[in-house]
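Residue numbers begin at 1 in each chain, while the letters A, B, ... track the order of the sequences.
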Amino acid sequence: VKRVVLAGLVAVALAACETPFEPSTTIQKQRFLAVIAEPLEAAPGELITFSAVMTNGDGSLYTGPFVWAVLDAAAFQTGGDSLDPDGELLGFTDIDPEDYYFQDEGGADFAWLVPDKDTLESDFGPPGENGLLLAVYVSGYLGGDPDAAARTAYKLFVVSERAPEDRLTNPVLDRINVNDTDGHAIEPNDAGVYVTGENEMRLRAASGTESGDLTYHWFATTTEFHPEDLSAKQTFAPGGNGNYAVYCIQRQSFFYYQAAGLKTRIMGTDWARLDTRFE
Amino acid sequence: MNNVPPSAIVVSLLVVLCLVAIGVPTASAQDAPAPAAGGIEGAVLTKGTREPVPLALVKIETLAREATTDDEGRFRFADVPPGEYTLHVTEEASDPYKRQVVVEAGKTARVTCYVARLSYTMDEVLVIGEKETQDTTRQEISKEELAVVPGAGGDVIRVVENLPGVTKLGPRGDFTGEGLVIRGVSPEDSLYLLNDFRIPQLFHFGSAISVINSELISDVAYYPGGYSVKYGNALGGIIEVNSRGPRTDRFGGVADLGSYSAYLLLEGPIGKQFAWAATVRRSFIDLILPYVVPEDQAQFTLLPRFYDYAAIMEVKPDPKNRVQFMFMGSDDRMGLIAELDSDEPFAGNSFDMSLLFHEGNVRWETAPDDRIANTFAANVLYSDNKVEFGRDQYYRDIDFEVEMRDDFSMRLGPINELRCGAVGTYDRSNVILNIVRPPKEGHPGTSLSNSDLIENEFKNDLYAAALYLDDVIRAGRYVQLIPGARVDYLSYLNEWTADPRLLMKFFPAEKATIKAAVGVYHQWPGGDEMIEGIGNPDLDAEVAYEGILGFEYDFGFGYSLDVQGYYKYLDELVSPTVDDPVPYQNTGVGYVYGAELLVRKKLTDRLFGWLSYSYAVSRRQDTPDAEWRYFDKDQEHNLNIIASYAFGKFKQWRLGGRWQFSTGLPYTDIVGSVYSADTDSYSPIYAKTINGRREPPYHQLDLRLDKLWFFNRWVLDTYLDVQNIYWTQYPIGYIYNYDYSERKPVSYPSFMVSAGFQARF
């Protein structure tokens with residue numbers, strides 16, 4: 001019990017310190033905001049399309065090149081959650097394309113045809129009661145230069161033969177409603193930019209999925225959103241005139257049971273982007 | 001008188017007696033009838049403690065009479081003419097004392113003389129070090145010394161931290177209350193015993209105060225290694241605490257008001273065979289903390305606080321038998337919400353903790369004759385530990401344990417003393433949990449958001465048994481050998497272990513001792529490591545092979561030297577697995593070697609102190625293919641210097657200081673991070689070399705000032721204790737930005753001032 005106490009206590013004690021850093025909701029450098037597997041759970045022989053949402057430091061979308069690989073989720077969870085401790089896998093330099101499902105120097109999407117059962121078992125071992133938990137890893141290179149350092153993300157997904165109605169699915173983010181302070185809708189101009197003469201906008205994510213487990217992660221090219229405020233409604237007041245990119249990532253939380261008593265968090269994901277201008 | 005024949009004296013006395021008997025007044029009575037004589041009875045007691053002062057000289061100078069006090073401090077003057085007198089009391093170790101007494105005719109004046117002792121001493125002497133003289137090390141430290149060691153807050157168990165072999169964890173250890181790291185192994189590898197039975201925790205939250213009130217402790221035995229086969233199931237050291245008997249002379253007690261807690265102790269006899277003592281303590285950190293932690297940083301849902309209690313009842317039906325009942329318990333609770341930005345979405349910023357236990361034991365010591373002694377003891381322990389943190393993580397363990405043991409010793413002649421014992425334990429645990437797997441020693445960290453969760457609920461019954469036998473052989477004047485063996489059995493693993501050990505002492509000169517020990521020490525895996533569902537039920541016991549060589553010398557005048565060197569090889573250590581269906585295997589090995597030095601000046605007059613230095617290297621290899629790495633709490637150098645000096649006529653002032661220096665603890669660097677698109681958080685990537693970096697060295701100076709105030713029937717002790725007087729900043733950890741590309745150290749203020757009052761009556 002002492003180790004449990006220590007793990008929780010130290011984590012909370014450190015979290016209780018006033019952070020001296022920019023919040024994670026501020027886009028200041030090239031970084032991932034989301035990776036989506038569509039569908040989140042698929043059967044052998046079906047096609048899964050992975051897509052990455054990576055921004056540049058100015059808030060624009062990074063379009064590539066990307067490196068993609070599908071791996072056993074547990075392969076990188078040494079001691080719990082990290083990559084191989086030597087860090088060499090960051091750029092996938094050690095991955096043999098013969099061993100893994102690999103796409104080099106591709107775009108923001110990666111289509112993967114799930115192999116048949118025998119191939120899956122050969123590559124990833126026998127499936128559990130609820131199928132196989134796999135991970136897609138994706139790296140984007142700084143400045144788009146394949147010789148530069150990479151940023152890496154991973155996304156869990158499931159391959160199973162469960163009935164379609166029992167499978168994990170992604171939520172749907174229909175749109176983001178934008179209103180002024182009086183509650184009037186702001187429509188995008190011809191360039192798709194939401195423009196206001198006021199100093200704030202009211203944003204509301206409209207989900208096409210009914211669930212109590214939905215969260216909304218908001219990002220912008222300014223320090224505005226609170227990392228712990230995961231609600232669908234936000235007030236966006238960047239505090240100065242200019243153009244600001246806003247991203248909203250909608251997630252739906254599931255627990256995937258690998259075995260009795262051992263469960264993993266896995267999220268269904270959808271996203272949207274707004275271009276705003278304050279005049 | 002020499003010229004008067006004895007027969008004449010006898011005749012004269014007979015005549016006087018006859019005259020008195022028939023009512024004929026004597027010549028003097030006829031001259032002036034004198035009032036009937038009175039008397040003076042009294043006692044000479046120590047001012048403050050009310051301890052009797054034997055052999056004190058009590059004088060009535062105007063009558064040129066004197067009396068000497070008996071063992072109870074009592075004296076008596078008969079046939080004292082009425083009048084006012086001055087009593088003068090002198091005693092070697094006390095300040096001269098005088099007081100007026102009025103004697104009335106035919107009456108006895110009763111007086112109590114409270115004399116001030118030139119040196120105030122407490123009742124008991126505690127043993128820190130190995131209690132049994134036959135074993136490898138023995139250090140005695142008086143309670144008076146222990147109570148005033150700077151930085152220990154009067155807690156005798158915390159004084160152990162200053163002895164060789166104990167790693168100084170600095171503010172991080174103080175903050176997390178990790179326990180004692182003894183000779184390079186984890187705190188959970190050492191054993192904490194109260195009256196021979198395990199106590200589930202040694203310190204309250206924050207580790208400033210131990211769960212056992214020092215007032216009720218008779219001795220603390222600290223065995224860093226080389227201990228006898230009486231002790232098992234530990235790779236590391238033993239801290240053994242024994243409760244004292246209640247006072248039998250009178251009712252008394254202690255009321256203590258410190259900066260962070262207060263307690264009350266009452267005790268006394270009931271008749272001639274029974275005595276009792278009871279104490280209760282409560283912290284009031286919850287009253288102070290709101291002023292220390294800004295509200296915008298952390299909001300306590302339940303401010304940290306603890307209680308503890310203890311009660312002892314002792315029966316001595318005859319000099320050969322003693323029965324003691326003891327009950328104790330402890331309750332620590334805390335709840336916290338940090339309303340701040342967090343980049344770990346499922347770590348959450350909340351923490352709730354409740355650590356509770358109650359324990360009761362009975363101990364019957366009997367010694368029918370000088371050759372045989374037996375102690376039977378039984379213990380019941382109930383504990384309920386709850387931890388909740390993050391959004392949904394929780395752990396609760398309700399444990400019920402019954403243990404019985406019998407320890408027997410018999411002298412087989414002038415050379416041999418045979419000792420043996422048996423222990424039986426039943427343990428039932430009910431566990432419900434939904435947590436990430438806590439990091440093991442050697443694992444740099446766990447992401448609370450991105451790690452798999454273990455969700456389970458189970459009940460387990462464990463049976464354990466142990467038998468031991470050793471023989472204390474005093475082979476001539478120069479050699480003492482203690483060969484012994486111990487076997488342990490654990491039902492859950494269905495495994496037996498055997499621990500042979502040999503302790504040796506050589507006495508080349510009167511004040512010199514050479515000590516040596518070799519032995520095997522087994523320890524069962526932890527419950528979380530072996531219980532099916534969360535661990536691996538096929539694990540084996542961990543094992544240590546240890547050898548010790550040491551030298552002790554007593555220079556006289558209170559100065560002594562103790563030097564030890566040791567080597568310990570660790571095998572079958574439980575290590576986490578990678579790509580294995582079970583989470584743990586016995587794949588780890590390790591070694592620890594070191595040297596320890598203790599130079600002491602015992603309290604003889606006004607000065608006491610010691611210098612302890614430990615050199616140690618502790619390394620591990622988690623799997624046969626893994627790199628060797630440093631143990632998480634490896635500390636190469638550790639130095640403690642303690643000195644305390646009493647001044648004032650009655651030594652009522654005492655000023656002490658403690659300076660500590662230690663090598664920084666190792667840690668593993670973070671070289672990058674990977675983004676989890678599921679939880680919108682980053683997991684750190686640790687450097688390949690575990691514990692390849694080291695914190696800067698740590699040093700700290702503590703000062704303590706005590707002042708005793710003596711009243712006739714009680715003593716007031718006031719103290720001021722300042723820890724880390726020159727404000728050494730030392731990180732308890734690092735805070736990182738969301739993707740681990742930047743970090744800053746987090747230092748909690750380890751500068752601490754505490755003051756208190758203690759009334760002893």
(Q) Run A:Lys155 and B:Asp678 through salt bridge (Lys or Arg N to Asp or Glu O under 4.0 Å) and show every step you take. (A) CA-CA 6 Å; A:Lys155 171 81 187 80; B:Asp678 284 288; 2.6 Å; yes
(Q) If I measure from the heavy atoms of chain A, does B:Ser186 come under 4.5 Å with its side chain, its backbone, both, or neither? (A) neither
Q: Name the region of B:Arg396, side chain, backbone, both or neither, that has any atom closer than 4.5 Å to a heavy atom of chain A.
A: neither
Counting only non-hydrogen atoms closer than 4.5 Å, does [X] touch chain B with its backbone (N, CA, C, O), its side chain (CB onward), both, or neither?
| X | answer |
| --- | --- |
| A:Tyr256 | neither |
| A:Leu33 | backbone |
| A:Phe157 | neither |

Are [X] and [Y] packed together at the side-chain level, in the sense that at least one heavy-atom pair is separated by less than 4.5 angstrom?
| X | Y | result |
| --- | --- | --- |
| A:Arg31 | B:Tyr682 | yes |
| B:Ser741 | A:Lys29 | yes |
| A:Glu22 | B:Asn737 | no |

**Q.** A:Arg265 side chain to B:Leu453 backbone, donor-acceptor under 3.5 Å
**A.** no
Q: Step through the shown structure and confirm whether more than 12 heavy atoms of other residues, nucleotides or ligands are within 6.0 Å of CD on B:Glu532.
A: no
Q | Pairing residues for A:Ala232 by the side chain to side chain contact (heavy atoms under 4.5 Å, CB included) criterion, not counting sequence neighbours | A | A:Ala205, A:Tyr216
Q.
Holding to side chain to side chain contact (heavy atoms under 4.5 Å, CB included), I want the full list of residues that pass it with A:Ala135, two or more places apart in sequence or in another chain.
A. A:Ala73, A:Tyr137, A:Leu156
Measure across [X] and [Y] and return the closest heavy-atom pair with its distance rounded to 0.1 Å.
| X | Y | answer |
| --- | --- | --- |
| B:Ser683 | A:Tyr154 | OG-OH, 4.3 Å |
| B:Ala677 | A:Ala34 | CB-C, 4.3 Å |
| B:Tyr736 | A:Phe21 | C-CE1, 3.4 Å |

(Q) For B:Asp739 and A:Arg151: C-alpha separation, side-chain torsions, deciding distance, then whether salt bridge (Lys or Arg N to Asp or Glu O under 4.0 Å) applies. (A) CA-CA 10 Å; B:Asp739 65 353; A:Arg151 298 275 180 265; 5.2 Å; no
Q) Once you round to the nearest 0.5 Å, how far does OG1 of A:Thr152 lie from CD1 of B:Ile685? A) 7.0 Å
Q. Do A:Lys263 and B:Asn434 pass the side chain to side chain contact (heavy atoms under 4.5 Å, CB included) test, and can you show the C-alpha distance, the side-chain angles, and the key distance before you say yes or no?
A. CA-CA 9 Å; A:Lys263 60 186 186 181; B:Asn434 184 57; 2.9 Å; yes
